[in-house]
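Inspection log for the structure reproduced underneath, given as structure tokens.
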Number of protein chains: 2
Amino acid sequence: MGLVEIYQCLCDPTRLRILNLLLGGELCVCHLQEILDEPQVKVSKHLAYLRARGLVEARKQANWMIYRLPSRKPRELSANLACLQDCVREDPVFERDLRKRGSLEPSFAEGGPLCCAPTKAAQPARRGVRT
Amino acid sequence: MGLVEIYQCLCDPTRLRILNLLLGGELCVCHLQEILDEPQVKVSKHLAYLRARGLVEARKQANWMIYRLPSRKPRELSANLACLQDCVREDPVFERDLRKRGSLEPSFAEGGPLCCAPTKAAQPARRGVRT
DNA sequence: GAGGTATATACCTGTATAAGTATGTACTAT
DNA sequence: ATAGTACATACTTATACAGGTATATACCTC
């Protein structure tokens, strides 16, 4: 991962939101989907993009893929993530993401069999239903 | 200029080198060309890219266009430029650029009629001559 | 093993962008 | 006026990428 690749990862708003969320700790795809309110494909592809460049790591737990920032980060990555966090501190979108994240309880951390609440996960992924 | 646009500007190596150089003060296109050892079109287009997004400003002096970082920068830009400067501090390419810059005397700053030395500028722009 | 859930991937389309060639424009000097 | 210098822009080509639809894969439950 070079500096340019880091910046390439940072130049998409969805990826910025994902990284901002992961700065608060690991999350599974369905929680990201839920918080970002974006379709699964979109979230999944951006995560793959980040992962291919080493900006995030993933592990599998039961049915879920749990993403997190790498434990050992090169200096440039740490610096840029800190900078990002500072830059978005007062941005309404990023703030709202963090609040929304706080209201979810990542039950996978407790070893429970369910990640997202089935009642919510059962919904066919918000896709401009507008009846 | 938003955060994403800033990162878009930062995700090209030539633009990173340009910004790193401008952190040391204003420069004209021919000096940038000289230091970066890149063809004029390339330098000019990257400068236009940066300028369109507000990352650099330009003024005309005699025959030369002199580029500089904006005097009043949004917080996100200042933060990211500082971060960039910190990240490239020990990179051989960026270091060499700065050394090369130091060896040039920006004579336009002294009000002289010539910017680049005519002996060098007269060369038909290094373009893989390989005889 | 049948069906459901969570996630990834293949494929398609439109758009952005990088780099090059050629040309245009603005200014200077003579 | 002519020619040269410094810079920008139009045009072209190749590539990356974002977003969508459809489908595949892996795992779990029963």
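Any value given below was found using the heavy atoms of this structure, including those in side chains, with hydrogens, waters and symmetry copies removed. Below, chain A is the first sequence line, B the second, and so on; all start at residue 1.
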Checking only heavy atoms, does the side chain of B/Asn63 share a donor-acceptor pair with the base of D/dT5 at less than 3.5 Å?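 It does, because a donor-acceptor pair links the side chain of B/Asn63 to the base of D/dT5 below 3.5 Å.
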
If I take atom CD1 in residue B/Ile66 and atom C1' in nucleotide C/dC27, what distance separates them, rounded to the nearest angstrom?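 Whole-Å distance recorded here is 14 Å.
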
To the nearest Å, how far apart are A/Lys42 NZ and C/dT7 C1'? 18 Å

Would you check if [X] and [Y] make a side-chain contact, meaning some heavy-atom pair closer than 4.5 Å?
X       : Y        : value
B/Leu36 : B/Lys100 : no
A/Met1  : A/Leu55  : yes
B/Leu16 : A/Tyr7   : yes
A/Gln40 : A/Cys30  : no
B/Glu26 : B/Gln61  : no

What verdict does the salt bridge (charged side-chain N to carboxylate O under 4.0 Å, His left out) test give for A/Arg53 and A/Glu5, after you've listed the backbone C-alpha separation in whole Å, the side-chain angles of each residue and the deciding distance to 0.1 Å? CA-CA 7 Å; A/Arg53 286 155 185 81; A/Glu5 276 165 309; 5.3 Å; no

So, OP1 or OP2 of D/dG19: does either fall under 4.0 Å of a side-chain N or O from A/His46?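 So the side-chain polar atoms of A/His46 do come within 4.0 Å of the phosphate oxygens OP1 or OP2 of D/dG19, strictly under.
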
Under 4.0 angstrom between A/Arg53 side-chain N/O and D/dC17 OP1 or OP2: yes

Nucleotide N/O to protein N/O under 3.5 Å, stretch nucleotides 8-12 of chain C:
{"unit_1": "C/dA8", "atom_1": "OP1", "unit_2": "A/Tyr67", "atom_2": "OH", "d": "2.3"}
{"unit_1": "C/dA8", "atom_1": "OP2", "unit_2": "A/Ser44", "atom_2": "OG", "d": "2.6"}
{"unit_1": "C/dA8", "atom_1": "N7", "unit_2": "A/Gln40", "atom_2": "NE2", "d": "2.8"}
{"unit_1": "C/dA8", "atom_1": "N6", "unit_2": "A/Gln40", "atom_2": "OE1", "d": "3.4"}

For A/Gln8 and for A/Lys60, locate the closest nucleotide of DNA chain D by heavy-atom distance; then report the residue assigned to the nucleotide nearer the 5' terminus. A/Gln8

